[in-house]
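Residue indices begin at 1 and follow the sequence shown.
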Amino acid sequence: MKKAATSAAAKGQDGVSAVEAYLAGVPEPGRSTLEKIRAVIRSAAPAEATEAISYGMPAFKYRGGLVAYAAFKNHCSLFPMSLAVIDQFADELKPFQTSKGTIQFPLDKPLSSALVKKLVKAKVAENEAKKKT
């Protein structure tokens, strides 16, 4: 898969532009799936959350890393950047392949909006708790 956001031209762009450049390089149906995921994350994240490219993937940051997402050849992934968040929703994530830091789902079937919102809100709470200590 072409990594548009890591090109020399994309490195000088602001976070939103870099994310849009990444998404433009993703073939369908992955692009539409990631655009839906991005919109849900944006709606669930605090207004102060920012977008960036992190480790070559679109990510949201809020008091540290919040979540990242990406398309691969045969699946899309959501990276909650927290094993505790994945464990917290283990029952709801049973239909998906998960590992320490990722939730994989089909290219053409995004995670439900409700589940993505729960994951984002749990990670926001985790980040806020870390910053208080």
Side-chain angles (χ1 to χ4, degrees):
M1 174 164 307
K2 181 180 167 190
K3 291 193 174 186
T6 58
S7 71
K11 287 182 181 174
Q13 296 173 332
D14 66 76
V16 172
S17 296
V19 169
E20 288 171 356
Y22 173 93
L23 292 172
V26 175
E28 290 295 352
R31 180 182 317 141
S32 293
T33 297
L34 292 185
E35 287 172 347
K36 288 175 187 168
I37 293 291
R38 179 186 187 201
V40 174
I41 295 168
R42 188 180 290 135
S43 75
E48 311 90 88
T50 59
E51 292 187 69
I53 295 293
S54 180
Y55 297 97
M57 300 178 289
F60 280 81
K61 297 182 177 198
Y62 172 73
R63 298 187 180 186
L66 190 59
V67 294
Y69 55 97
F72 298 92
K73 184 177 180 183
N74 297 313
H75 68 276
C76 290
S77 288
L78 179 71
F79 301 88
M81 300 182 190
S82 168
L83 182 57
V85 169
I86 290 174
D87 288 345
Q88 184 178 344
F89 296 96
D91 287 343
E92 292 177 70
L93 294 171
K94 280 182 183 172
F96 307 100
Q97 185 171 347
T98 60
S99 67
K100 275 186 181 179
T102 184
I103 303 160
Q104 295 180 2
F105 50 96
L107 286 168
D108 60 345
K109 293 187 179 117
L111 297 170
S112 75
S113 295
L115 180 56
V116 173
K117 285 179 182 179
K118 287 181 194 176
L119 293 164
V120 171
K121 289 182 183 296
K123 182 60 179 163
V124 165
E126 182 179 279
N127 284 7
E128 287 177 341
K130 282 182 186 175
K131 293 294 180 180
K132 289 179 184 172
T133 57

If you compare all heavy atoms of [X] against all heavy atoms of [Y], which two are closest, and at what distance to 0.1 Å?
| X | Y | result |
| --- | --- | --- |
| V26 | G30 | CG1-C, 3.7 Å |
| D14 | V16 | OD1-N, 3.0 Å |
| E48 | Y62 | OE1-CE1, 3.6 Å |
| S113 | V40 | OG-CG2, 3.4 Å |
| V67 | P80 | CG1-CA, 3.9 Å |
| I86 | S99 | CD1-O, 3.6 Å |

Under 3.5 Å, side chain of [X] to main-chain N/O of [Y], donor-acceptor pair present?
| X | Y | result |
| --- | --- | --- |
| R31 | G25 | no |
| K123 | M81 | yes |
| D108 | T33 | no |

Rounded to the nearest 0.5 Å, what's the gap from [atom1] on [X] to [atom2] on [Y]? Could you check?
| X | Y | atom1 | atom2 | result |
| --- | --- | --- | --- | --- |
| Q88 | L93 | CD | CG | 10.5 Å |
| E28 | E35 | CD | CD | 7.0 Å |
| I37 | L119 | CD1 | CG | 9.5 Å |
| S17 | I53 | OG | CD1 | 10.5 Å |
| T102 | L83 | OG1 | CG | 12.0 Å |
| K117 | S112 | NZ | OG | 10.0 Å |

Which ring pair (Phe, Tyr, Trp, His ring centres under 6.0 Å) pairs, counting each pair once, include a residue from residues 74-127, with sequence neighbours left out? F72-H75

So do F60 and V120 actually touch side chain to side chain, heavy atoms under 4.5 Å? no

